[in-house]
Amino acid sequence: MSNNLTPVTNVLARLSNAALWLAGSGLILMTVFVAWQVFCRYVLNDSPSWTEPGSVMLMSWFIFLGAAVGIRENNHLGFDVLLYVLPKSGKRVLRMISDVVILAFGAGMIWYGGALMSLTWNTTLPSLGISGAFDYLPLAGGGVLAVIFSLERIVLRLAGEPIDDVLDEILPAEIAVEIENINADPNANLKV
């Protein structure tokens, strides 16, 4: 990796790790909220009103933060079948198109998430006592991270960094494992 890009990449790696830790913490906290809700409902016969909306808000955060980390680590959804038969240059073009589409989608998340936040800023979520804008903050925040991480991939690719070489080595190995599993038990897919 070129020395000019290394400090930025290191900062983005820390940002990605922080987002992943926040997402994991949100998942754990949501689980605690739901467990508390169940305990209060069935044992104490008195359900707190904040647990369900709090859990949904936490779920929004860990979904959008996790999705952004998936973009940085190239674990996002994609249709990779064509990549197996294309030459290296064709794969690079398709991956660049994918990153540009993700960048545009992230920009849309920021734009529309911000619009929803501004529309609901003066409302209050009754069970939590906070602004309704907080319902849409994860959408805009996830969009910011999606833009940053997809832009990083685009810049690295344009700078000539071999970010696609790693993918070309990993993907065929995954296919080989699947083929090996099918060859080991050809009737495995027929079992119900």
Side-chain angles (χ1 to χ4, degrees), residues 1-35 53-84 91-117 130 133-175 177-178:
M1 186 167 304
S2 77
N3 291 334
N4 295 338
L5 297 173
T6 302
V8 174
T9 303
N10 290 340
V11 168
L12 293 178
R14 284 191 218 107
L15 179 62
S16 176
N17 285 336
L20 192 59
W21 276 97
L22 282 172
S25 300
L27 177 60
I28 291 168
L29 193 56
M30 184 194 79
T31 304
V32 169
F33 284 5
V34 170
S55 296
V56 170
M57 192 173 294
L58 285 171
M59 185 172 58
S60 297
W61 272 111
F62 72 72
I63 286 171
F64 286 115
L65 290 174
V69 171
I71 290 167
R72 183 165 198 279
E73 295 179 1
N74 201 45
N75 290 325
H76 54 81
L77 292 175
F79 190 69
D80 296 339
V81 173
L82 187 59
L83 293 176
Y84 298 127
K91 292 177 184 182
R92 184 173 186 234
V93 169
L94 284 182
R95 288 183 177 130
M96 182 65 88
I97 291 170
S98 175
D99 288 334
V100 169
V101 168
I102 291 169
L103 185 130
F105 190 79
M109 290 170 58
I110 296 167
W111 179 265
Y112 291 108
L116 290 168
M117 286 173 57
I130 60 175
F134 285 98
D135 263 345
Y136 302 104
L137 185 59
L139 177 63
V144 168
L145 290 176
V147 165
I148 290 170
F149 293 149
S150 60
L151 190 59
E152 175 194 24
R153 296 183 56 75
I154 291 168
V155 168
L156 287 173
R157 193 174 287 112
L158 291 175
E161 296 298 329
I163 62 172
D164 295 328
D165 293 349
V166 173
L167 296 173
D168 291 338
E169 293 170 10
I170 293 172
L171 294 176
E174 291 174 350
I175 294 171
V177 168
E178 292 299 322

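- At distances below 3.5 Å, at least one donor-acceptor pair connects side-chain atoms of Ser25 with backbone N or O atoms of Trp21.
- The nearest pair of heavy atoms linking Ser150 to Ile71 is N-CG2, 4.0 Å.
- Nearest heavy-atom pair, Met117 versus Ala140, reported as atom, atom and distance to 0.1 Å: SD-CB, 4.0 Å.
- Of the possible polar contacts, one joining the Thr31 side chain to the Leu27 backbone as a donor-acceptor pair under 3.5 Å is found.
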Discussion item. Is there a side chain to side chain contact (heavy atoms under 4.5 Å, CB included) between Leu158 and Met96? Walk through the geometry before answering.
Written reply: CA-CA 9 Å; Leu158 291 175; Met96 182 65 88; 3.7 Å; yes
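- Closest of all the heavy-atom pairs between Val147 and Leu103 is CG2-O, 3.7 Å.
- Residue Ile102 holds its CD1 atom at 12.5 Å from CG of Leu151, rounded to the nearest 0.5 Å.
- Distance check, rounded to the nearest 0.5 Å: OG of Ser60 to CG of Asp135 gives 7.0 Å.
- Rounded to the nearest 0.5 angstrom, Phe64 CZ and Leu22 CG are separated by 15.5 Å.
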Fill in: Intermediate values then yes/no, side chain to side chain contact (heavy atoms under 4.5 Å, CB included), Arg14 and Asn17
CA-CA 5 Å; Arg14 284 191 218 107; Asn17 285 336; 5.5 Å; no
Practice prompt. Applying side chain to side chain contact (heavy atoms under 4.5 Å, CB included), run through Phe149 and Leu15 and close with a yes or a no.
Written response: CA-CA 10 Å; Phe149 293 149; Leu15 179 62; 4.2 Å; yes
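- Summarising the geometry of Ala146 relative to Gly106, their closest heavy-atom pair is CB-CA, 4.1 Å, with the distance given to 0.1 Å.
- Note that the CG atom of Leu29 and the CH2 atom of Trp61 stand 14.0 Å from one another [nearest 0.5 Å].
- Annotation: the span from Met57 atom CE to Tyr136 atom OH amounts to 10.0 Å, rounded to 0.5 Å.
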Practice prompt. Would you check, one step at a time, whether the test side chain to side chain contact (heavy atoms under 4.5 Å, CB included) holds for Val34 with Met59?
Written response: CA-CA 11 Å; Val34 170; Met59 185 172 58; over 6 Å; no
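- Judged by distance alone, with hydrogens and angles left aside, the side-chain atoms of Arg153 form no donor-acceptor pair with the main-chain N or O of Asn74 at under 3.5 Å.
- Sequence neighbours left out, the pairs with a member in residues 53-72 that pass salt bridge (charged side-chain N to carboxylate O under 4.0 Å, His left out) are Arg72-Glu152.
- The nearest pair of heavy atoms linking Ser55 to Phe33 is OG-CB, 3.2 Å.
- Summarising the geometry of Leu139 relative to Met109, their closest heavy-atom pair is O-CE, 3.5 Å, with the distance given to 0.1 Å.
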